[in-house]
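Notes for the one structure printed next.
Keep in mind that what you see is a predicted model, and the values were worked out from it rather than measured. When a ligand or atom number is given, it counts from 1 through the structure's own listing order.
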Amino acid sequence: MPEMPEVQGLVDFLHGRTTGLEIARVTVASFSALKTYDPPVHALQGAEIRGVTRRGKFLDMDAGTADAPLHLVFHLAKAGWLRWYDALPGTLIRPGKTPIALRLGFGDGSGFDLTEAGTKKSLAVYVVRDPDDVPGVARLGPDPLSPAFTLDAFAELLRGRRTQIKGVLRDQATIAGIGNAYSDEILHAARMSPYALAANLSDDEVAHLYRAMQDTLTDAVAEASGKPPADLKDAKRRGMRVHGRAGQVCPVCGDTVRSVFFADNSLEYCPTCQTGGKPLADRRLSRLLK
Ligand SMILES: [Zn+2]
């Protein structure tokens with residue numbers, strides 16, 4: 001799943017490439033991906049892109065005018081991606097027979113497809129007058145790289161929360177943009193157990209976690225920026241120290257990276273760096289063994 005750094009990379013790319021261009025055509029190939037009907041999707045046709053911004057893991061393409069606000073907002077979810085074309089193919093898209101969910105063509109012949117692999121479709125596209133009309137956008141917590149997101153603001157979010165820190169970091173309503181991968185990386189950088197309760201962290205631990213979050217995300221955004229969409233996924237994978245690397249060597253201490261189930265997914269961590277050398281109990285596995 002693309003998270004904040006990859007989405008920021010896509011946003012920077014699209015902002016540079018599409019600002020000022022007119023939308024020549026829009027083709028919806030997956031009707032389940034389109035979540036709104038008013039304004040209609042064809043309202044985008046003929047509209048000019050004014051700019052592209054990020055809201056958490058959502059991309060927001062502003063295609064409005066002063067009199068008629070209009071935004072194309074989308075979320076790539078778990079298996080969605082954006083494929084850019086300098087010259088958009090003219091082939092016919094057959095709904096239901098393609099991974100393409102939506103195709104957008106610009107007046108200069110360029111364009112992109114939003115694609116989604118797999119059978120569980122969750123890529124979501126919205127055509128709205130205000131990005132906050134998208135429930136997932138309206139619910140978003142603060143952006144961790146915004147100037148307002150200070151150490152004090154972070155400490156305030158954690159105060160009294162008897163929730164495992166791993167869950168807090170990836171809760172979009174608490175902090176926007178961090179998912180399963182970067183929460184693993186942030187916790188590894190902070191040398192903190194994913195199971196630590198947010199409310200129990202000392203002031204020093206909160207400060208340490210805050211710095212780890214800022215550094216990890218700032219580095220990943222820098223790594224993603226300026227890359228074309230096709231290179232962003234590999235760049236993300238290459239930058240990971242523990243996430244998706246179970247069984248491999250921790251680059252910090254040489255221990256073996258381990259994996260446990262967490263919520264709807266698995267998480268990766270290094271026992272030596274994060275949990276005093278002790279492997280975390282894998283609740284799903286221990287339940288199966290009973
Ligand atoms: Zn380690």
Discussion item. For a distance under 2.8 Å, give residue and atom name for each protein N, O or S atom next to the Zn ion (ligand 1).
Written reply: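 Near the Zn ion (ligand 1), the protein supplies C250 SG, C253 SG, C270 SG, C273 SG.
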Worksheet item: Any side-chain donor paired with an acceptor under 3.5 Å for T174 and R161?
Response: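 Yes, a side-chain donor-acceptor pair sits under 3.5 Å.
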Worksheet entry | Where at least one partner belongs to residues 28-37, residue pairs that pass side chain to side chain donor-acceptor pair (under 3.5 Å), sequence neighbours excluded |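 Matches after skipping sequence neighbours: S30-S32.
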Discussion item. Using 30° and 60° as the class boundaries, would you call the ring planes of F58 and Y126 parallel, tilted or perpendicular?
Written reply: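 Ring orientation, 0 to 90° scale: tilted.
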Fill in: T18 side chain near W84 side chain, heavy-atom distance below 4.5 Å
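They are in contact (side-chain heavy atoms under 4.5 Å apart), so the answer is yes.
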Fill in: Taking every non-hydrogen atom, the tightest pair across S266 and N180
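In this case the closest contact between S266 and N180 is O-ND2, 2.9 Å.
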Worksheet item: Does the H71 side chain pair with the main chain of V73, one donor and one acceptor, at a distance under 3.5 Å?
Response: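 Side chain of H71 to backbone of V73: no pair is present.
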